[in-house]
Engineer: 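Below are the structure tokens for one structure; questions will follow.
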Amino acid sequence: LTFARKVVAAAVCAVALIGPAQADDKKVYRLKLAETWPTNFGVFSAPARNMAELAEKLSNGRLKIEIDTANKHKSAMGVFDMVRAGQYDLGHSASYYWKGKDENTQFLTTRPFGMTATEQYGWFYYGGGMELMQKVYEPYNLISVPGGNTGMQMGGWFRKEIKSLDDLKGLKIRIPGFAGEIFAKVGASPTNIAPGEMYTSLERGAIDAVEWVGPSMDLRLGFHKIAPFYYSGWQEPATELQFLINKRKFERLPADLQQILMTAMRVSAYDMTIESHHLSGQNWVAMKTEFPAVQVKSFPPEVMAALRKANDELLAEVTAKNPLTKEIVDSQDAYLKQVRQWTDIADRTYLNNMAE
Ligand code: PYR
């Protein structure tokens with residue numbers, strides 16, 4: 001069964017609400033999507049393709065979406081600009097890659113020490129997150145919607161063991177988003193490198209460590225061959241990828257196709273979230289037998305405390321400077337404070353009890 005067949009049942013409700021496409025509406029709408037990812041990039045390649053396949057099926061062939069990977073358009077970190085300018089109608093990327101254009105974008109992927117994926121989806125869809133995301137993207141003629149979650153990420157691959165805060169001083173690490181700012185504040189030298197160039201950078205020594213995703217994505221890239229210390233995560237508890245939409249182009253679509261596009265994005269994002277967890281589970285077990293040299297570690301308490309302190313200080317600075325940053329961070333913090341009480345008694349207590 002194709003992905004679209006499997007999920008058509010899930011989308012039927014949405015279509016029933018809109019009603020069938022008008023029988024005489026034969027016009028085909030062609031959209032172009034640019035991905036940040038290179039060709040055949042594991043589970044990150046799934047959402048755009050599943051979305052395009054589903055949108056075409058649900059629209060009875062009226063919506064056709066062509067996908068260009070970074071190998072084709074050669075501008076992995078140019079997706080925001082290309083969709084904004086209308087060179088592409090759609091994009092698939094991650095919001096925090098655009099922090100250099102607008103610092104508020106970095107809080108719409110994940111937050112260090114922040115919500116888990118389930119909690120964050122609650123915030124996006126029921127806690128005001130979607131509205132705040134649109135407030136950030138509106139000035140750029142863009143719409144951003146969730147594009148699939150990696151779930152909890154690992155803390156990265158390091159050549160050398162991190163035994164104290166001193167070991168982070170001057171360390172060249174590939175890491176995007178707010179966690180990069182935190183690493184800079186504790187004395188490391190963070191840089192964001194496009195996903196397709198990470199391995200070469202590590203191999204050539206341009207970086208000493210790489211934070212990428214977790215077992216769902218990392219092992220296929222081979223970082224373990226160079227940097228065998230694999231740290232547990234704190235920095236990206238719920239990395240949400242992003243579908244970008246050129247707003248003017250979206251508004252020109254008939255209402256039913258707009259709804260189909262949104263439904264196809266939401267379903268394919270949901271599916272990536274599940275597939276990520278599935279692949280992480282599978283690969284984590286395989287890693288132990290296939291790559292026994294990998295050393296799984298957690299940062300020492302001294303390092304965790306310094307990262308946490310840097311996070312809190314930086315948040316105080318950025319929220320004081322920018323009212324919209326404050327609105328986003330306050331909204332997320334208030335949501336987390338409330339929802340975590342349930343996560344604690346539900347998931348945490350369950351897992352702790354099972355461990356006994
Ligand atoms: C990264 O760029 O690190 C992601 O996790 C998407």
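Just so you know, ligand 1 is whichever comes first in the structure, and atom 1 is the first atom listed for that ligand.
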Engineer: If you compare all heavy atoms of Asp89 against all heavy atoms of Arg30, which two are closest, and at what distance to 0.1 Å?
Structural biologist: OD2-O, 4.1 Å
Engineer: Mind checking whether Val213 has a heavy atom under 4.0 Å from ligand 1?
Structural biologist: yes
Engineer: Got more than 12 heavy atoms from elsewhere within 6.0 Å of OH, Tyr126?
Structural biologist: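 Check fails, neighbour count at 12 or below.
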Engineer: Checking a contact table here: which protein heavy atom is nearest atom 1 (C) of ligand 1, and how many Å away?
Structural biologist: Tyr96 OH, 3.0 Å
Engineer: Under a 4.0 angstrom heavy-atom cut-off, which atoms of ligand 1 come close to Pro176?
Structural biologist: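 Matching atoms, with element in brackets: 1 (C), 2 (O), 3 (O).
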Engineer: How about Tyr231 and Trp212: are their ring centres within less than 6.0 Å of each other?
Structural biologist: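 No, too far apart.
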Engineer: Quick one: does Tyr97 get an N or O within less than 3.5 Å of an N or O on ligand 1?
Structural biologist: yes
Engineer: Which bit of Trp212 is near ligand 1, meaning a heavy atom under 4.0 Å away: side chain, backbone, both or neither?
Structural biologist: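 The part of Trp212 near ligand 1 is both the backbone and the side chain.
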Engineer: Examine the proximity of ligand 1 to Ala94 and report which part, side chain or backbone, both or neither, has a heavy atom under 4.0 Å away.
Structural biologist: neither
Engineer: Give the residue and atom name of whichever protein heavy atom lies nearest to atom 5 (O) of ligand 1, and the separation in Å to one decimal.
Structural biologist: Gln153 NE2, 2.9 Å
Engineer: Is it the case that atom CZ in Arg220 sees more than 12 heavy atoms from other parts of the structure closer than 6.0 Å?
Structural biologist: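 Buried by this count: over 12 neighbours within 6.0 Å.
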Engineer: Test of understanding: given a 4.0 Å heavy-atom threshold, classify the contact between Arg174 and ligand 1 as side chain, backbone, both, or neither.
Structural biologist: side chain
Engineer: Answer with yes or no whether the hydrophobic clustering places Phe113 together with Tyr96; edges join I, L, V, M, F, W, Y residues whose side-chain heavy atoms lie under 4.5 Å apart.
Structural biologist: yes
Engineer: Under a 4.0 Å threshold between the charged nitrogen and the carboxylate oxygen, would Lys72 count as salt-bridged to Glu35?
Structural biologist: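 Salt bridge: no.
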Engineer: Heavy-atom contacts with Glu236 under 4.0 Å: which atoms of ligand 1 show up? List them by number with element.
Structural biologist: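 Contacts of ligand 1 toward Glu236, numbered from 1: 5 (O).
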Engineer: For atom OH of Tyr29, is the number of surrounding heavy atoms from other residues, nucleotides or ligands below 6.0 Å larger than 12?
Structural biologist: yes
